[in-house]
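Written below as structure tokens is the structure these notes are about.
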Amino acid sequence: MEEDLRRLEAEATALLEAAADLRALEEARVKVFGKQGLVTVGLPQMKDVPAQLRPVIGKLANQVKQSVQGCFDARLAALEAAGKAAAGAARRFDPTLPGRLALPGRKHPLTLIWEDLVDIFTGFGFSVAEGPEVELSYYNFTALAIPEDHPARDGRDSFYIQGTTVLRTETSAVQIRTMETQEPPVRIIAPGRVYRRDAVDATHCHTFHQCEGLLVDRDVSFGDLKGILYATAQELYGEGAIVRFTPDYFPFTEPSAQMAIWYGREGICRDPNDPDARWLEVLGCGMVDPQVLANVGYDSETYTGFAFGVGMERLAMLKYGVDDIRLFFEGDLRFTGQF
Ligand code: DAH
């Protein structure tokens with residue numbers, strides 16, 4: 001009988017140890033401890049054991065039962081631990097997986113030019129002024145001495161909101177708004193968006209950006225204007241950039257001029273004799289017309305000033321060698337990601 005018990009113990013233990021996973025262990029458990037299980041059926045009923053053997057057999061039967069149970073518990077713990085370890089390993093960092101590409105934002109080329117201009121002019125002691133994009137025609141035209149019959153006033157050239165409000169066609173309106181609220185000396189730039197009824201092509205767009213500049217003080221001369229704009233070109237494009245001033249006409253400046261930059265195949269050209277280079281106009285400028293100063297209540301006998309308005313897309317096209325203005329507005333990341 002002792003031998004039977006030992007065999008039972010060995011068989012049950014072997015069954016449990018053979019279980020390779022939790023499911024197999026559950027099956028083995030039923031075979032061992034279930035209703036028809038080895039241990040349930042195989043352990044002797046004490047009433048069947050002769051009385052003198054009962055103490056010995058009873059003790060042994062208990063040992064076998066405990067030993068098999070202990071074997072089951074150990075197997076269960078081992079398989080559970082292995083399962084957890086496997087799940088952990090599956091979640092572990094896998095250095096062979098391709099990484100997720102981080103796409104950092106880039107500044108738009110017009111933002112870069114805008115920041116350049118603000119840097120340069122704050123360096124010259126100018127501050128930055130703002131005005132509304134929906135502007136009264138008084139500020140956009142009348143106060144700037146733009147005559148009633150000027151084509152810019154025409155509804156075919158400007159976007160009118162209502163009779164006297166218009167999407168500003170130039171940042172020059174900010175000159176007036178600034179001078180109305182400030183006594184001279186005035187030194188401001190006003191970068192911003194402007195609107196014109198232009199058909200869209202490689203060099204025109206209905207919406208674009210200008211940066212206005214205005215300096216009013218005692219004894220301001222045309223030489224000061226040229227000096228500031230020349231220095232700006234050097235700052236923006238590097239030493240040796242060649243600029244030219246030629247006469248022009250604007251209703252709100254007298255005399256008026258335009259500034260052009262010497263531009264070649266490779267961008268800004270530093271060789272005045274390069275046969276492939278040409279002049280590219282980038283801004284209008286002039287001495288503020290005394291009538292404009294009078295319109296804002298400044299004493300035009302005491303104060304003089306200069307003003308300019310530069311096309312920011314033009315500046316960016318020159319700086320970055322962009323040949324189509326539409327690229328600035330299309331939001332194509334392949335373009336804007338290059339700057
Ligand atoms: N507002 C002019 C334009 O849009 C540019 C301009 C010319 C601005 C001369 C000025 C200036 O301040 O003095 O074409």
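Indexing begins at 1, ligand by ligand and atom by atom, following the structure's order.
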If you measure every N or O of Phe308 against every N or O of ligand 1, does any of those distances drop under 3.5 Å?
yes
Are any of the N/O atoms in Phe252 less than 3.5 Å from those in ligand 1?
no
Relative to the ring of Phe141, is the ring of Tyr160 parallel (under 30°), tilted (30 to 60°) or perpendicular (over 60°)?
tilted
Identify whether the distance between the nearest side-chain nitrogen and carboxylate oxygen of Arg29 and Glu26 falls below 4.0 Å.
yes
Would you call Thr171 and Cys211 a side-chain contact if the rule is heavy atoms closer than 4.5 Å?
no
Where is the nearest protein heavy atom to atom 8 (C) of ligand 1: which residue, which atom, and how far?
Gly309 N, 3.2 Å
Backbone, side chain, both or neither: what part of Ser172 comes under 4.0 angstrom of ligand 1, heavy atoms only?
side chain
Please list, in number order, the atoms of ligand 1 under 4.0 Å from a heavy atom of Thr253.
13 (O)
Ring centers of Phe121, Phe308 separated by less than 6.0 Å
yes
Angle class for the His108/Phe335 ring planes (parallel below 30°, perpendicular above 60°, tilted otherwise)?
perpendicular
What orientation do Trp114 and His209 show, parallel under 30°, tilted 30 to 60°, or perpendicular over 60°?
perpendicular
Report, in ascending order of atom number, the atoms of ligand 1 lying under 4.0 Å from any heavy atom of Gly286.
13 (O)
Whether Gln175 lies under 4.0 Å from ligand 1, heavy atom
yes
Find out whether the Lys NZ or Arg CZ of Arg187 is both under 6.0 angstrom from the six-membered ring centre of Phe124 and within 45° of the ring's axis.
no
So do the side chains of Tyr298 and Val186 get within less than 4.5 Å of each other, counting heavy atoms only?
yes
Between Arg196 and ligand 1, find which residue part has any heavy-atom pair under 4.0 Å and reply side chain, backbone, both or neither.
side chain
Closest protein heavy atom to atom 12 (O) of ligand 1, given as residue, atom name and distance to 0.1 Å:
Glu212 OE2, 2.5 Å
Close-contact set for ligand 1 against Gln210 heavy atoms, below 4.0 Å:
3 (C), 4 (O)
Name the closest protein heavy atom to atom 1 (N) of ligand 1, giving the residue it belongs to and the distance to 0.1 Å.
Glu170 OE1, 2.8 Å
